[in-house]
Each structure stands twice: as C-alpha cells, then as structure tokens.
Amino acid sequence: MELIDNYGRVLKDLRISITPRCNYHCFYCHPLNMEMSDPPGTVSVSDVRHFLAAAASLGMDAVRFTGGEPLVRRELPQMIEAAASTPGVRDVAITTNGSIFRQRHKELVAAGLQRVNISLDALDPVIFRQITRGGNVEDVLDAIDLSLELGLHPVKLNAVVIGGVNDGEVPALTAMSLERPLHVRFIEYMHLNNAPFDEYRRQFVSGAETRRRIEERFGPLEPVETHPSSPARVWKIAGSQGTIGFINSVSEPFCSHCSRLRLTSDKKIRPCLLTDLELDIAWAFEADDPVVALKQALQTAAGRKPEKGSTLPTLRQRVMLGIGG
Ligand code: SAM
C-alpha cells in the first residue's frame, strides 16, 4: 500500500520532531526565550511506536528524528528502537547539532541508529559560536569523526549559508568533502524564523551563488546521480571522497518531488514545511486503536498536502525550531 497525495506524489519520508528544546540557539532557526522543558502532551515513545506502525503500513519507510535537538530528549534511544523494529521501516536517521553525540552515541547505535545528518555552519570557532549563540565547534567536529568511525554512512553535514555571517566559510566547509566520505550540503536560508524581512533578503544567498564560489576555488564540479525525491542536487570535486549538495528550497523549490510529511512534537502533522497548515492529530493517539486512527489521520494529511509551499518572507505561526527541520 502507498500513501499518495492529490498531486500523485508518493509519500515515503517522515520527519518526527521529538522535542521543541535545543541546547543551541541558532539565530536563523528560532528567537531566544524558548521552552526549557517538554510541555505536557509531547509525543511519547508509545506515540512514536503507534505512529510508525501506521505510517509503515502505508508504505512510509524512512524516518528521521529531529527537533529542537533530538539528543536532548532522554527517550531518543527507545524511539530509535521503535523505528528500527517497525516492519517496513528501512532507514532510521537523526538530524542533530552533534554537540552531545559523544555522550550518547552508544545507546543510539545499540538501539538501531543507521545514519546521521550533522549541522555545521562554520569551522571558525568564533563564527560558529556567534551563529549557535554559545556552541563549541570542537564538539561537532568530534561528533563527525565519531560518526565516520562508527560507520554511520552516509554522514551528511548541513550548512545554512547566511550572507555576511558564514558565506566566507563555504570553501572550508567544501574542503571537508575532499579527504573523507563526508557529504556537505549547502542549504538556502528559508524565512522560517520570523526575521525582519529586509534583513532576511540581505542575508539570503542562492545555491547558485554558493556553487559559483566553490567552483571559483576548486574548479568545475562533477555531477553525482541522486534520487529525484532527494532535496539535494549533488556534485563532487574530482577525486574527492565525499560530495557537495545544494538544497535550493527557495530559488529552485523541489515541491513536485516532495515525498515528506512531518510530525511535530505536539502531535500535529505538517504536510509541507513551507505552509503553515497543520492537522492536530492528538485525538488519534488517544483512540481505542491508535494505529487505525493514525492511519486515517495520515491519509487525511496526505490529502491536504499543498501542491507547493511559499518561500516568500512572511510571519509564521511556528518557527523552524518547533517544526523540525
Ligand atoms: N537541532 C538539530 C540540528 O541542529 O540539526 C535538528 C533540528 S534543526 C531545525 C534541522 C536543520 O534545519 C538544521 O540543519 C538547520 O540548520 C536547519 N534550519 C533551521 N532553520 C533553518 C532556516 N531558517 N533555513 C534553512 N534551514 C534551517
């Protein structure tokens, strides 16, 4: 069975945000003064288990836990175990800032974690601290080394490029793909943080511009084949171990191939990252047979997935931190 939306897109990929909390405070993701604890009603391990059983029965086979920062959630290993043991789920990953990966990696790998996406916007410690508002880049570099040692392939690195902030870091980040199998993905800054519109427009850097800078320094990139539903268009520097991807969500939206649905930590399905529409499905988790009810909720959500989202700067009801990237 497949979950197909009104535009013929087969929905296979789930993003589950398991907490609105984060120990970093990246300015492009959320304003300060966010939650310090998970509010009552935050998605639980058994909620995740039921949700995944329903989703997998509809053919959704890839799950990525995100947040907030998923590693600040104590129950993350149990959630990974729930995903890894759900028949039909073939891909279990996390998106993390990597800051406490060293402390938690054993329990995550034992639970069945297969892959990691690690966010890294700068190698320069000062710029890194400025963006994350307090983070230490050494912790993240250590998480990257450890992920490679653990064989959590492919190890993907996410960098949001912000003009005047970290665009000068693009060559150094690119160079990370040369000697090791690291897959660096440059993400266009989306207006999902309610930043002042003018400031956002000033700081936006297109993927084409980022690519130009890379080719200026490293020469022409070679194309690497990717699945059409992948958000990244992927290239490599000749002879390198890793790749360079561009996620051009703003300048080249890839809505027609979107295969994703998101569950927020307060139990809402968000069918499109760039559309405020959310379906509150808390009722389905409380039903006598939650798996049946969640299946129905997922089908309803698929039917409400818009053809495309809006990348125009606009005031959002929820910022990226709460949606789950
Ligand atoms: N805390 C985790 C992390 O740092 O990876 C997971 C959550 S974070 C919201 C997931 C991803 O969304 C990160 O790679 C982050 O850089 C990206 N992100 C956040 N705000 C964004 C924005 N305004 N535009 C583009 N990407 C954004």
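One-based numbering, in listed order, for ligands and for the atoms of each. The first residue of the sequence shown is numbered 1, and numbering continues consecutively from there.
- The distance from ligand 1 to the heavy atoms of Asn97 drops below 4.0 Å at these ligand atoms: 2 (C), 3 (C), 4 (O), 5 (O).
- Ion pairing of Glu209 with Arg212 is present here, as a side-chain N (NZ or NE/NH1/NH2) and a carboxylate O approach within less than 4.0 Å.
- Heavy-atom proximity to atom 2 (C) of ligand 1, evaluated over Arg21, Arg15, Glu69, Arg185, is greatest for Glu69.
- Cluster membership for Leu52 and Val45, using ILVMFWY side-chain heavy atoms within less than 4.5 angstrom, is shared.
- In terms of protein heavy-atom proximity, atom 12 (O) of ligand 1 is closest to Met320 CE, 3.6 Å.
- Residues Val319 and Leu263 are members of separate hydrophobic clusters, defined by side-chain heavy-atom contacts under 4.5 angstrom among Ile, Leu, Val, Met, Phe, Trp and Tyr.
- Of the charged side-chain nitrogens involved, none lies within less than 4.0 Å of a carboxylate oxygen, so that Asp139 and Arg102 do not count as a salt-bridged pair.
- For the pair Ser119 and ligand 1, the shortest N or O to N or O distance falls below 3.5 Å.
- For ligand 1, the atoms closer than 4.0 angstrom to any heavy atom of Tyr189 are 23 (N), 24 (N).
- In terms of polar-atom proximity, defined here as any N/O pair under 3.5 Å, Met190 does make such a contact with ligand 1.
- Under the salt bridge (Lys or Arg N to Asp or Glu O under 4.0 Å) rule, Glu278 has a single partner from Lys268, Arg270, Arg304, which is Arg270.
- For ligand 1, the atoms lying closer than 4.0 Å to a non-hydrogen atom of Asn158 are 14 (O).
- Contact annotation for Glu188 and ligand 1: only backbone heavy atoms (N, CA, C, O) come within less than 4.0 Å of the ligand.
- Glu69 and Thr96 are linked by a side-chain donor-acceptor pair at a separation below 3.5 angstrom, with hydrogens and angles left out of the test.
- Contact annotation: for Thr96 versus ligand 1, heavy atoms closer than 4.0 Å belong to the backbone alone.
- The ligand atoms of ligand 1 that sit less than 4.0 angstrom from a heavy atom of Cys29 are 9 (C), 19 (C), 20 (N).
- Proximity of Thr66 to ligand 1, defined as any heavy-atom pair under 4.0 Å, is confined to the side chain (atoms from C-beta onward).
- Between the side chain of Asp13 and the backbone N or O of Ala62, no donor-acceptor pair lies under 3.5 Å.
- If you check which protein heavy atom lies closest to atom 26 (N) of ligand 1, you get Val160 CG2, 3.5 Å.
- A side-chain donor-acceptor contact under 3.5 Å links Asn193 to the backbone of Phe27.
- For the pair Arg21 and Ser265, the minimum side-chain heavy-atom distance is 4.5 Å or more.
- What sits closest to atom 21 (C) of ligand 1 on the protein, heavy atoms only, is Tyr28 CD1, 3.5 Å.
- Contact annotation for Thr95 and ligand 1: heavy atoms of both the backbone and the side chain come within less than 4.0 Å of the ligand.
- An N or O contact shorter than 3.5 Å is missing between Asp121 and ligand 1 by distance.
- Put simply, the side chain of Arg213 never gets that close to the backbone of Val170: no donor and acceptor are under 3.5 Å apart.
- The shortest N or O to N or O distance between Gly68 and ligand 1 is below 3.5 Å.
- Inspection of the Thr132 and Asn97 side chains reveals no N or O donor paired with an N or O acceptor under 3.5 Å.
- At under 3.5 Å, not a single nitrogen or oxygen of Asn193, backbone or side chain, sits near a nitrogen or oxygen of ligand 1.
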